[in-house]
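Notes for the one structure printed next.
These numbers come from the heavy atoms of this one structure, side chains and all, not from hydrogens, waters or symmetry mates. Count residues from 1 along the sequence. If you're wondering where the values come from, they're calculated on a predicted model, not measured in any experiment. We count ligands from 1, going down the list as the structure has it; atoms in each ligand are counted the same way.
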Amino acid sequence: VNIIVTGASDGIGYQLSRLLNAPDTMVLLVGKRDAVNIKASLSANQHYISADLTSELGVSSVAEKVVQLGWDDIDLLIHNAGIGWVGDSKDQPWNNIDKMLSLNCLAPISLTHRLMPYLKKAQGKVVFIGSSATHRRCPSFSVYAASKAAIAGFVRSLRIELQNELSVQLIHPGPTKTGMHAKAGLKKHWIQMFFRKPDSVAREIIWAISSNRETVNVGSLRYRIRCLSKVFYKAMEWLKPVLLLSNVFTWFKRTA
Ligand SMILES: NC(=O)c1ccc[n+]([C@@H]2O[C@H](COP(=O)([O-])OP(=O)(O)OC[C@H]3O[C@@H](n4cnc5c(N)ncnc54)[C@H](OP(=O)(O)O)[C@@H]3O)[C@@H](O)[C@H]2O)c1
């Protein structure tokens, strides 16, 4: 089994490649950082390539690496690399918008096209990592949300173009505790304590990949239930002294 995971040097992608590490599986991890920072943690059947996927050169280098590895086919391609940016869209610099759209939209489209013959040979699967931001109003994340919505639109049509040849899946994770938010400029906020851990999100993604569902939301509902239950628990903690006092008061009233 031959697998490629982009954005595999950090966060969700790193956890995905750990979970996909099996004796009969060859995994090509793609990240932007230099190979020296990642190679030590690789097993014998994992390879790493440092490629800036915002450029055509970076996308091509992944395709060249597949040739270099002597792979005949690709069973699974996971487009996971992505970046965000926080702030009013009017303040987002042009070059940042360009970079975000290049990485979040152009790269997965272009890499899918480049690797299509390999994927078709294996009758493989292409997985696009979207975001729950696709379905929500996300002020301060407008361009990011637009980039993920664009990918969702592409996937909807690609699925029809490739039916009977490849499976195409879209997976939308909910908020996850990775470095992405800090890199995007989001300041530490108490709400982040409710975000899910990347390893458990990755486990759910692997489970989703093994299913035949075309579009899967990972963890959003659970995230909301967790938020609500934590808020309820906190409220109960605050109310405890009041409830205790009212119990004492009732006891005094009864005994008086
Ligand atoms: N975290 C969340 O709350 C959340 C929620 C929904 C969806 N998602 C989506 O999940 C995916 C993974 O996010 P994450 O939270 O795991 O982010 P992360 O921890 O910041 O990891 C991002 C990965 O993308 C790679 N990357 C960044 N720029 C790149 C470039 N120009 N070329 C190639 N690779 C590049 C990074 O490589 P280096 O580190 O080597 O630079 C890293 O491996 C993204 O598509 C994101 O939109 C995240």
Not counting sequence neighbours, list each pair that qualifies as a ring-ring contact (aromatic ring centres under 6.0 Å, His included) and has a residue in residues 84-115. none
Is there a donor in the side chain of S132 and an acceptor in the side chain of R136, or the other way round, less than 3.5 Å apart? yes
Verify salt bridge (charged side-chain N to carboxylate O under 4.0 Å, His left out) between K234 and E237, making sure each step is shown before the conclusion. CA-CA 5 Å; K234 273 264 176 281; E237 286 272 288; over 6 Å; no
Where is the tightest heavy-atom contact between H47 and M26, given as atom of each residue plus distance? NE2-CE, 3.5 Å
Who pairs with L106 by side chain to side chain contact (heavy atoms under 4.5 Å, CB included), at least two apart in sequence or on another chain? S102
Going by salt bridge (Lys or Arg N to Asp or Glu O under 4.0 Å), name the pairs with one or both residues in residues 51-60, residues two or more places apart or in two chains. none
Identify the protein atoms, limited to N or O, that lie within less than 3.5 Å of an N or O atom of ligand 1, and list each pair with its distance to 0.1 Å.
{"unit_1": "ligand 1", "atom_1": "1 (N)", "unit_2": "T176", "atom_2": "O", "d": "3.3"}
{"unit_1": "ligand 1", "atom_1": "1 (N)", "unit_2": "T178", "atom_2": "OG1", "d": "3.1"}
{"unit_1": "ligand 1", "atom_1": "1 (N)", "unit_2": "H181", "atom_2": "NE2", "d": "3.4"}
{"unit_1": "ligand 1", "atom_1": "3 (O)", "unit_2": "T176", "atom_2": "N", "d": "2.7"}
{"unit_1": "ligand 1", "atom_1": "3 (O)", "unit_2": "T176", "atom_2": "O", "d": "3.3"}
{"unit_1": "ligand 1", "atom_1": "3 (O)", "unit_2": "H181", "atom_2": "NE2", "d": "2.9"}
{"unit_1": "ligand 1", "atom_1": "15 (O)", "unit_2": "T178", "atom_2": "OG1", "d": "2.5"}
{"unit_1": "ligand 1", "atom_1": "16 (O)", "unit_2": "I12", "atom_2": "N", "d": "2.8"}
{"unit_1": "ligand 1", "atom_1": "20 (O)", "unit_2": "K183", "atom_2": "NZ", "d": "2.7"}
{"unit_1": "ligand 1", "atom_1": "31 (N)", "unit_2": "D52", "atom_2": "OD1", "d": "2.8"}
{"unit_1": "ligand 1", "atom_1": "32 (N)", "unit_2": "A51", "atom_2": "O", "d": "3.4"}
{"unit_1": "ligand 1", "atom_1": "32 (N)", "unit_2": "L53", "atom_2": "N", "d": "2.9"}
{"unit_1": "ligand 1", "atom_1": "37 (O)", "unit_2": "S9", "atom_2": "OG", "d": "3.0"}
{"unit_1": "ligand 1", "atom_1": "37 (O)", "unit_2": "K32", "atom_2": "N", "d": "3.4"}
{"unit_1": "ligand 1", "atom_1": "39 (O)", "unit_2": "S9", "atom_2": "OG", "d": "3.4"}
{"unit_1": "ligand 1", "atom_1": "39 (O)", "unit_2": "R33", "atom_2": "NE", "d": "3.4"}
{"unit_1": "ligand 1", "atom_1": "39 (O)", "unit_2": "R33", "atom_2": "NH2", "d": "2.7"}
{"unit_1": "ligand 1", "atom_1": "40 (O)", "unit_2": "S9", "atom_2": "OG", "d": "2.6"}
{"unit_1": "ligand 1", "atom_1": "40 (O)", "unit_2": "K32", "atom_2": "N", "d": "3.1"}
{"unit_1": "ligand 1", "atom_1": "40 (O)", "unit_2": "R33", "atom_2": "N", "d": "2.7"}
{"unit_1": "ligand 1", "atom_1": "40 (O)", "unit_2": "R33", "atom_2": "NE", "d": "3.0"}
{"unit_1": "ligand 1", "atom_1": "43 (O)", "unit_2": "G7", "atom_2": "O", "d": "3.2"}
{"unit_1": "ligand 1", "atom_1": "43 (O)", "unit_2": "S9", "atom_2": "N", "d": "3.2"}
{"unit_1": "ligand 1", "atom_1": "43 (O)", "unit_2": "S9", "atom_2": "OG", "d": "2.8"}
{"unit_1": "ligand 1", "atom_1": "43 (O)", "unit_2": "D10", "atom_2": "N", "d": "3.3"}
{"unit_1": "ligand 1", "atom_1": "45 (O)", "unit_2": "N80", "atom_2": "O", "d": "2.7"}
{"unit_1": "ligand 1", "atom_1": "45 (O)", "unit_2": "K148", "atom_2": "NZ", "d": "2.9"}
{"unit_1": "ligand 1", "atom_1": "47 (O)", "unit_2": "Y144", "atom_2": "OH", "d": "2.6"}
{"unit_1": "ligand 1", "atom_1": "47 (O)", "unit_2": "K148", "atom_2": "NZ", "d": "3.1"}

